[in-house]
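Below, read A as the first sequence line, B as the second, and so on, with proteins coming before strands; counting in each chain starts at 1.
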Amino acid sequence: MRNRHALSRAAVYACLWFAALPALAADPLPKGLLALDGRAAPPLVLNDLDGERWDISAARGRWLFVHFWATWCGPCRKEMPTIQAIVPQFDATQLEIVLINTAETEDTVFAFLAEVAPDITPLMDSDGLVTEQWQPRGLPATFFVDPQGRLQYLALGGRPWDSPEYLEFVQRLVGQ
Amino acid sequence: MQRQPMICAFATLLAALYLPVSLAQPEPRPTPSGLRYEDDSLFIRIVQRSPEQLTAFYLGRQFNQAAIEHILDTCFVTPIIHNKTFDVLWLELDTWQFGRGDEQITRIKRDYWPEKWDRSELPQAQRSTFGWTLMPEKRDLRRDEGVGGSVVIPWQQQPFTLRMNFHTGADKQGPLKTIVFEDIQCVTDTP
């Protein structure tokens, strides 16, 4: 009799677990995030504000947060502090935050970022042609590139990256 | 037998009282308030910049004076759009209509500018920036996606109307959403 009760309980628990599996396997994306088709990321070779060269092909093995922006864009300015806020949350071996400034001068970029995001050294797309190759839907735009160099997600416009919903998404992505 | 007509009359009365108003009257066309429109599914605001504001903005982006003169020859209409709830809301500038009465105003498209930039010897960086300040020609706005940018028409001395048409649904088979803004003006600098 006791065995039959235990078996019934086990069956109920198993049913509940299987019912929950789809939800666990497919957490809904936060608002404004789009799943991409996993195609290879376009080339990206730019100098940063210090003149150091950065090449995306050398950045395999970690997730990349590839963010296109400009100082004149209101949503970009609003979003940047939230990107700065998540920098300490991630090890560079798990997630590298790559800011790409579109078509502005070093003085303009330095004056803005020094106040708002001092911990991030941006890449300078001085003539805007790399941005055009990546074809973001507008500015700002954030692509998530996986450790194999494939485009996996796109954030539509600015997002509050330091809010729980978005921070947890990124944490799940990098396996934290 | 006599009870039936009474029941029918009572039922008819009840139905008449509780029928939605929309069955009795045509649904009102969505109406902006000035240069702003909002409902549960969509937000639109139109920002009009004066020549002084445009000059300051583009000078700040290191545009040369010759390029700015070309910009000031035209009229910039700058909508900010937020798709709140449609799965897909189609932004297609070719479906928008600028006009005044029966007169149609032809939009100035992106291919107008390269020749102006060549004449002004505008560097590539500024040409890229200018492109990003324009409204995209076509975009499948997803739920909770916003977009903003300038739509350009020839300078207008008189107020004009802008009729924005948005197809909805991934296959554009959903209801057409049309918002009409009236009495928009090309802004001049205050003396």
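Neither the backbone nor the side chain of B:Asn83 comes within less than 4.5 Å of any heavy atom of chain A. In this structure, chain B has no heavy atom under 4.5 Å from any part of A:Pro75. Within the 4.5 angstrom heavy-atom criterion, no atom of B:Arg127 approaches chain A. The contact between B:Arg139 and chain A is made entirely by side chain atoms (from C-beta outward), counting heavy-atom distances below 4.5 Å.
A:Asp127 and B:Gln124 make their closest contact through O-CG, 3.5 Å (heavy atoms, listed as atom of the first residue, atom of the second, distance). Taking both residues in full, the closest heavy atoms of B:Gln62 and A:Thr108 are given as NE2-OG1, 4.3 Å, listed atom of the first, atom of the second, then distance. Between B:Ser128 and A:Gly128, the closest heavy-atom pair is OG-CA, 3.7 Å. Between A:Thr102 and B:Thr129 the shortest heavy-atom distance is O-OG1, 4.4 Å.
With values rounded to the nearest 0.5 angstrom, B:Trp132 atom CH2 is found 8.5 Å from A:Phe68 atom CZ. The CZ atom of B:Arg143 sits 12.5 Å away from atom CG of A:Leu156, with the distance rounded to the nearest 0.5 Å. With rounding to the nearest 0.5 angstrom, the CZ atom of A:Arg159 is 4.5 Å from the CG atom of B:Asp144. Between the CD atom of B:Glu145 and the NZ atom of A:Lys31 there is a distance of 13.5 Å, given to the nearest 0.5 Å.
Within 6.0 Å of atom CZ in A:Phe110, 12 or fewer heavy atoms from other residues, nucleotides or ligands are found, so the atom counts as exposed in its surroundings. Counting non-hydrogen atoms of other residues, nucleotides and ligands closer than 6.0 Å to CD of A:Gln148 gives a total above 12. Around NZ of A:Lys78, the count of heavy atoms belonging to other residues, nucleotides or ligands within 6.0 Å does not exceed 12. For B:Glu115, the CD atom counts as densely surrounded, since its 6.0 Å shell holds more than 12 non-hydrogen atoms of other residues, nucleotides or ligands. Within a 6.0 Å sphere centred on CZ of B:Arg45, other residues, nucleotides and ligands contribute 12 heavy atoms or fewer. In this structure, A:Glu115 places its CD atom where only 12 or fewer heavy-atom neighbours from other residues, nucleotides or ligands lie under 6.0 Å away. Taking a 6.0 Å sphere around CD of B:Gln65, one finds it holds more than 12 heavy atoms contributed by other residues, nucleotides or ligands.
Note on A:Trp69: it does not cluster hydrophobically with A:Trp134, by side-chain heavy-atom contacts below 4.5 Å among ILVMFWY residues. Hydrophobic clustering of Ile, Leu, Val, Met, Phe, Trp and Tyr side chains at less than 4.5 Å, counting indirect connections, unites A:Leu139 with A:Phe143. B:Leu72 is connected to B:Ile108 through a chain of hydrophobic side-chain contacts under 4.5 Å among Ile, Leu, Val, Met, Phe, Trp and Tyr, so both are in one cluster. In the hydrophobic clustering of ILVMFWY residues, with side-chain heavy atoms under 4.5 Å counting as a link, A:Val109 and B:Phe57 come out apart. B:Leu42 is connected to B:Met135 through a chain of hydrophobic side-chain contacts under 4.5 Å among Ile, Leu, Val, Met, Phe, Trp and Tyr, so both are in one cluster.
Proximity to chain B among residues 33-55 of chain A is limited to A:Leu34, judged by heavy-atom separations below 4.5 angstrom.
Of the residues considered (A:Gly74, A:Ala70, A:Cys73, A:Gly138), A:Gly138 shows the highest number of contacts with chain B, using heavy-atom pairs under 4.5 Å.
Taking 4.5 Å as the limit, some side-chain heavy atom of A:Glu104 sits within range of a side-chain heavy atom of B:Arg61. Using a 4.5 Å heavy-atom cutoff, the side chains of A:Arg137 and B:Asp140 are in contact.
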